[in-house]
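Read the numbers this way: they start at 1 and go in the same order the structure lists the ligands and their atoms. All values reported here derive from a predicted model rather than from experimental measurement.
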Amino acid sequence: MRACQVDFKWLFFASLFPCMVAGNELNNAQVSFVLPILAHGSNIIMSNDDGWAEINLRTFYDTLVDAGESPVVSAPAENKSGTGSLDGEADEVEDGCEFDSCPPGSPAVGFNSSDPRLNYVNSFPVTSIAYGISTLSPKFFQGLPEFAVTGPNVGSNLDVQVPFSGTVGAAVEAIKTGIPAIAFSGRSGSQTAWTAPTPGYSIVYAQLAANLTATILNSGKPYLPEGIWLNVNFPASSSTSCSSVSDFKFVLSRIFPAIPFFEPDDVETCGDDRLPLERKVVGEDGCYVSISVGDSNKLDADAAAQEVVLKKLGELLTCLP
Ligand SMILES: *[C@@H]1O[C@H](CO)[C@@H](O)[C@H](O)[C@H]1NC(C)=O
Ligand SMILES: *[C@@H]1O[C@H](CO)[C@@H](O)[C@H](O)[C@H]1NC(C)=O
Ligand SMILES: *[C@@H]1O[C@H](CO)[C@@H](O)[C@H](O)[C@H]1NC(C)=O
């Protein structure tokens with residue numbers, strides 16, 4: 001059950017379920033009441049490292065809005081690919097934002113005037129999501145976000161790439177402030193302006209990311225164990241291979257190879273107490289998405305945390321052949 005501020009949209013739903021509002025005086029637009037049927041509208045902060053105007057992020061945002069979630073974008077003004085967990089004060093956008101998405105001389109932080117939920121911060125991914133959590137969330141969510149998602153990054157973020165990825169850096173920043181997070185990356189495509197025709201891969205990745213996000217949200221609180229984030233990598237997608245959402249399967253994986261004789265077992269699944277490496281999963285024939293469980297050091301989480309995720313994802317997961 002969720003208490004909601006009534007605005008125009010909620011009033012519309014309320015009119016469909018008059019029994020729920022019986023006893024409430026809907027005499028102004030600020031009345032609060034409980035909507036037992038609408039499960040979601042979760043408050044989600046979004047970021048990336050390819051920049052706020054990159055089409056993967058915008059397609060994912062649109063998909064979450066269409067799914068009835070409540071997302072807010074707070075992402076770099078420019079391409080900040082490969083900047084890991086760098087953090088720094090935002091400053092004026094001298095040359096304008098990427099793809100001419102804001103004019104030269106724009107302020108250090110800004111938003112789309114026709115959709116103020118689309119925000120840029122002229123700094124690193126970490127700085128941009130931190131601004132989203134500390135400054136935008138109180139404004140849009142009247143508090144902290146419930147969940148953070150980053151990407152889908154243009155290009156994979158597997159094992160040795162993980163520490164340098166700004167998409168991962170932003171997700172890890174979110175978990176450090178207590179917000180559960182998923183970093184999404186996709187093998188296909190190149191950085192593309194939000195105004196271009198939406199590429200097929202971008203739609204497929206956005207739908208897969210929205211599905212996984214909804215699956216975790218539907219699994220209930222706590223959404224993830226404390227201090228845990230997920231590193232999700234989508235394999236290549238084209239018009240001839242892995243072209244539709246139903247082609248994909250999800251596999252629980254590891255980020256890094258386990259150190260022999262030293263590293264404790266992983267959670268047992270698929271008849272093994274060692275999870276497959278994420279690089280192997282996405283490289284396998286057959287459209288396999290890797291889902292690795294990470295900790296705040298950007299290393300693999302322990303078996304206990306893996307087990308929680310295994311149970312939450314349940315039937316969504318399959319085994320490699
Ligand atoms: C974005 O930045 C990365 C890292 O510096 C670089 O490799 C890539 O080419 C840049 N993308 C564009 C479109 O300039
Ligand atoms: C701002 O939002 C409007 C409406 O969604 C859209 O048409 C426009 O392209 C967006 N511009 C930027 C820079 O996000
Ligand atoms: C996610 O996708 C799977 C498989 O296509 C589907 O069974 C499931 O209902 C989807 N879950 C959500 C929350 O969209």
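- Close approach of ligand 1 to Asn79 (heavy-atom distance below 4.0 Å) involves ligand atoms 1 (C), 2 (O), 3 (C), 8 (C), 10 (C), 11 (N), 12 (C), 14 (O).
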Donor-acceptor list for residues 171-180 side chains, cut-off 3.5 Å, not counting sequence neighbours:
unit_1	atom_1	unit_2	atom_2	d
Thr177	OG1	Glu173	O	3.4
Thr177	OG1	Ala174	O	2.8

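- Closest to atom 12 (C) of ligand 1 among all protein heavy atoms lies Gln191 OE1, 3.1 Å.
- When only modelled atom types and interatomic distance are considered, Ser47 and Ser128 share a side-chain donor-acceptor pair under 3.5 Å.
- With 3.5 Å as the limit, one finds a donor-acceptor pair spanning the side chains of Ser70 and Arg117.
- When only modelled atom types and interatomic distance are considered, Gln306 and Asp266 share a side-chain donor-acceptor pair under 3.5 Å.
- At least one protein heavy atom sits closer than 4.0 Å to atom 14 (O) of ligand 1.
- Of the N and O atoms on the side chains of Tyr61 and Asp115, at least one donor lies less than 3.5 Å from an acceptor on the other residue.
- In terms of protein heavy atoms, atom 5 (O) of ligand 3 is closest to Asn211 ND2, 4.6 Å.
- Minimum interatomic distance between Asp159 and Ile255 (heavy atoms only, all atoms of both residues): CB-O, 3.2 Å.
- Annotation for Val251 and Cys319: closest pair CG2-C, 4.5 Å, computed over non-hydrogen atoms.
- For the pair Asn218 and ligand 3, the shortest N or O to N or O distance does not fall below 3.5 Å.
- For atom 2 (O) of ligand 1, a protein heavy-atom neighbour is present inside the 4.0 Å cut-off.
- If you check the side chains of Ser292 and Asn231, you find no donor sitting under 3.5 Å from an acceptor.
- In summary, the atoms of ligand 3 found under 4.0 Å from a heavy atom of Ala214, numbered by their order in the structure, are 13 (C).
- For ligand 2, the polar-atom distance check against Thr195 finds no nitrogen or oxygen pair separated by under 3.5 Å.
- Phe234 and Phe184 have parallel rings, their planes meeting at less than 30° on a 0 to 90° scale where 60° marks the start of perpendicular.
- For atom 7 (O) of ligand 2, the nearest protein heavy atom lies 4.0 Å or farther away.
- Ligand 2 places these atoms under 4.0 Å from at least one heavy atom of Ser114: 1 (C), 2 (O), 3 (C), 4 (C).
- Residue, atom and distance of the protein heavy atom nearest to atom 9 (O) of ligand 2 are Trp194 NE1, 2.9 Å.
- Of all protein heavy atoms, the one closest to atom 4 (C) of ligand 1 is Ser81 O, 3.7 Å.
- Using a non-hydrogen distance threshold of 4.0 Å, Ala53 does not register as a contact of ligand 2.
- For atom 11 (N) of ligand 2, the nearest protein heavy atom (residue, atom name, distance) is Asn112 ND2, 2.9 Å.
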